[in-house]
Amino acid sequence: MFAVTAGRVDAADPLAGLDLGERPDPSPPGGWVTVTVRAAALNHHDVWTLRGVGISPDRLPIILGCDAAGLDPDGNEVIVHAVIGDPDAGGGDETLDPRRSLLSERHDGTFAQRVAVPKRNLVPKPAALTFEEAACLPTAYLTAYRMLFERSGAQPGATILVQGAGGGVATALIVLGHAAGYRVWATSRSEAKRDRAVELGADQAFESGARLPERVDVVMETVGQATWAHSVRSLRPGGRIVICGATSGDAPAAELTRIFFTQLSVAGSTMGTRDQLGRLARFCEQAGVRPVIDRVLPLDQARDGFAAMIDGNLFGKIVLVP
Ligand SMILES: NC(=O)c1ccc[n+]([C@@H]2O[C@H](COP(=O)([O-])OP(=O)(O)OC[C@H]3O[C@@H](n4cnc5c(N)ncnc54)[C@H](OP(=O)(O)O)[C@@H]3O)[C@@H](O)[C@H]2O)c1
């Protein structure tokens, strides 16, 4: 079958290790099933893998891709949960299983015509969502869902600042947060992306690093080093940063004095559970939320999608269709 594979890693030139071509069909072990992929979505995780972050070279070659929507062996329309883990080993939460992985870390991923996944990882696809829309949910939207509704501790009506408006998680935070009744503020380096953020439901959008009209209850971080100091400065006393990623670097000055003196908290967040993915799908259906898609590309043009993501030249999700 045709697949998009990480053949080797290169920290400086991630596209150098990207291979497009034939790979063996999956052979699912007991308890696993093969899903026919109708759409898959690109995440920064796929770029990190090509850079050698979070993968050991002995796993290569490995098919990339965490997210998919498609058909199960009985022809049911399904969304694939990307977290491979045992809820019992994580106190009821598979993301806290110390041995958990994401698709494409230990097991072949979704950028292929077919993918093998544990049967428990299948979630019904709402009929209201297209395969392309549903494929955006398992990583970026699920991460945003947990950041907003579990890790932020903030109730609807609170003010939430989303840094780096253009990314997949950031656009998810804007549309989900707006639909749930939060006051969403966003920052972006690009005026065009700030305008798009407001169209999506952000109450206001500001240039990256700008002084805000007032301090916020929660900051949502995916950018990391480039925005961290601004995130810390933008919080009201007792506020919280929820962080799930660090695209621009993970070692900024920690701003420890400000964190203890204004009694801030920092909450890490990663992915979500299978049950949260099911609730997210229903939330999209009930609230009329549709994932923001930057572009849909045939799987054999995946290289263009990777290049756009590496350049930060996107707004929303890049979807690949086999
Ligand atoms: N923990 C998890 O479970 C999880 C899940 C999903 C994603 N992540 C991580 O979260 C991060 C975001 O991923 P993503 O796929 O949503 O988006 P992304 O493609 O990494 O883009 C995020 C945004 O960051 C901003 N940005 C990038 N470099 C910047 C810089 N030097 N200065 C200021 N802003 C910068 C850009 O915003 P503007 O151009 O609008 O300024 C960009 O749109 C990634 O690092 C990813 O690995 C983690």
Side-chain angles (χ1 to χ4, degrees), residues 14 41-51 53-55 64-67 81-83 85 93-96 100-105 136-148 150-151 161-176 185-198 200 202 205-210 219-231 242-252 267-273 276-277 280 291-295 305-319:
L42 189 60
N43 290 290
H44 219 98
H45 185 278
D46 304 303
V47 176
W48 291 127
T49 302
L50 290 168
R51 288 194 195 276
V53 178
I55 188 117
L64 291 163
C66 302
D67 297 349
H81 181 42
V83 180
D93 178 338
E94 64 268 27
T95 69
L96 298 178
R100 68 117 168 86
S101 68
L102 303 188
L103 278 175
S104 80
E105 290 178 353
C136 299
L137 299 187
T139 297
Y141 279 71
L142 181 60
T143 300
Y145 182 93
R146 176 176 281 218
M147 290 172 82
L148 276 169
E150 183 182 324
R151 302 295 281 156
L161 178 70
V162 178
Q163 299 278 25
V169 177
T171 46
L173 287 163
I174 294 170
V175 294
L176 296 173
W185 289 355
T187 68
S188 176
R189 299 165 294 177
S190 137
E191 188 178 358
K193 290 187 193 177
R194 292 196 291 274
D195 291 346
R196 296 279 304 277
V198 170
L200 284 183
F206 305 91
E207 214 166 312
S208 300
V219 180
M220 299 297 190
E221 258 295 351
T222 61
V223 181
Q225 193 151 324
T227 51
W228 186 254
H230 181 253
S231 294
V242 184
I243 175 160
C244 80
T247 299
S248 64
D250 69 353
S269 200
T270 280
M271 304 297 284
T273 63
Q276 285 177 324
L277 179 60
L280 163 65
V292 182
I293 295 178
D294 175 271
R295 74 197 79 171
F306 275 86
M309 177 164 275
I310 291 164
D311 294 341
N313 181 21
L314 49 73
F315 189 88
K317 298 296 295 171
I318 294 177
V319 176

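Ligands are counted one by one from 1 in listed order, and the atoms in each one are counted from 1 as well. Remember, predicted model here, so these are calculated numbers, not experimental data.
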**Study point:** Residue and atom name of the nearest protein heavy atom (relative to atom 47 (O) of ligand 1), distance in Å to one decimal
**Key:** W48 NE1, 2.8 Å

Check your understanding: Taking only residues two or more places apart in sequence, or in another chain, which ones meet R51 in a salt bridge (charged side-chain N to carboxylate O under 4.0 Å, His left out)?
Key -> none

Practice item. Just go through A308, G166, C244, A197 and tell me whose heavy atom is the nearest to atom 8 (N) of ligand 1. Key: C244

Check your understanding: What is the distance from atom CG of L277 to atom CZ of R146, rounded to the nearest 0.5 Å?
Key -> 11.5 Å

Exercise for review: Look up atom OG1 in T270 and atom CD1 in I243, then write down how far apart they are to the nearest 0.5 Å.
Suggested key: 10.0 Å

Check your understanding: Between S231 and L161, is any pair of side-chain heavy atoms under 4.5 Å apart?
Key -> no

Practice item. Measure the CD-CD distance between Q276 and E94 for me, rounded to the nearest 0.5 Å. Key: 8.5 Å

Check your understanding: Among K193, R189, H230, whose heavy atom sits nearest atom 33 (C) of ligand 1?
Key -> R189

Practice item. Any atoms of ligand 1 less than 4.0 Å from a non-hydrogen atom of S188? List them with their elements. Key: 38 (P), 40 (O), 41 (O)

Review point. Of all the atoms in ligand 1, which lie at a distance below 4.0 Å from a heavy atom belonging to G168?
Key: 14 (P), 16 (O), 17 (O)

Check your understanding: Closest non-hydrogen protein atom to atom 5 (C) of ligand 1, residue and atom name please, with distance?
Key -> T143 OG1, 3.2 Å

**Study point:** Nearest-option assignment for atom 43 (O) of ligand 1, heavy atoms, candidates G209, G167, G245, A140
**Key:** G167

Practice item. Flag the pair Y141 / V292 as yes when at least one side-chain heavy-atom distance between them is below 4.5 Å, and no otherwise. Key: yes

Check your understanding: For ligand 1, which atoms have a heavy atom of S269 less than 4.0 angstrom away?
Key -> 1 (N)

Exercise for review: Give the residue, atom name and distance (to 0.1 Å) of the protein heavy atom nearest atom 23 (C) of ligand 1.
Suggested key: G164 O, 3.7 Å

Review point. For ligand 1, which part of V223 has a heavy atom less than 4.0 Å away: the side chain, the backbone, both, or neither?
Key: side chain

Review point. Can you check whether H44 reaches M309 side chain to side chain, under 4.5 Å on heavy atoms?
Key: yes

Check your understanding: Should one rank V83, V169, T95 by closest heavy-atom distance to atom 6 (C) of ligand 1, which comes out on top?
Key -> V169

Point to revise | Per-atom contacts, ligand 1 versus A226 - under 4.0 Å to a heavy atom | key: 30 (C), 31 (N), 32 (N), 33 (C)

Practice item. Assess whether atom CD of Q225 is packed by more than 12 heavy atoms of other residues, nucleotides or ligands within 6.0 Å. Key: yes

Point to revise | Polar contact flag for T187 and ligand 1 (N/O pairs, less than 3.5 Å) | key: no

Review point. Listed by chain and number, what are the side-chain hydrogen bond (donor to acceptor under 3.5 Å, both in side chains) partners of T187, not counting sequence neighbours?
Key: Q163

Check your understanding: ligand 1 versus T270, non-hydrogen atoms closer than 4.0 Å: side chain, backbone, both, neither?
Key -> both

Check your understanding: At what distance is the nearest protein heavy atom to atom 46 (C) of ligand 1, and which residue and atom is it?
Key -> H44 CB, 3.7 Å

Check your understanding: Which value, rounded to the nearest 0.5 Å, describes the distance between E105 atom CD and I55 atom CD1?
Key -> 7.0 Å

Check your understanding: Hey, which atoms in ligand 1 end up nearer than 4.0 Å to a heavy atom of T247?
Key -> 11 (C), 12 (C), 20 (O), 27 (C), 44 (C), 45 (O)

Practice item. Provide the number and element of each atom of ligand 1 under 4.0 Å from a heavy atom of S248. Key: 30 (C), 31 (N)

Review point. Which atoms of ligand 1 are found less than 4.0 Å from any heavy atom of A246?
Key: 45 (O)

Check your understanding: Hey, is ligand 1 close enough to T222 that some N/O pair sits below 3.5 Å?
Key -> no

Practice item. Check whether any side-chain N or O of R189 sits under 3.5 Å from a backbone N or O of G164 as a donor-acceptor pair, and report yes or no. Key: no

**Study point:** From T171, N43, D294, residue fulfilling side-chain hydrogen bond (donor to acceptor under 3.5 Å, both in side chains) relative to K317
**Key:** N43

**Study point:** Which of the ligand 1 atoms, numbered from 1, are nearer than 4.0 Å to a heavy atom of M271
**Key:** 2 (C), 3 (O)

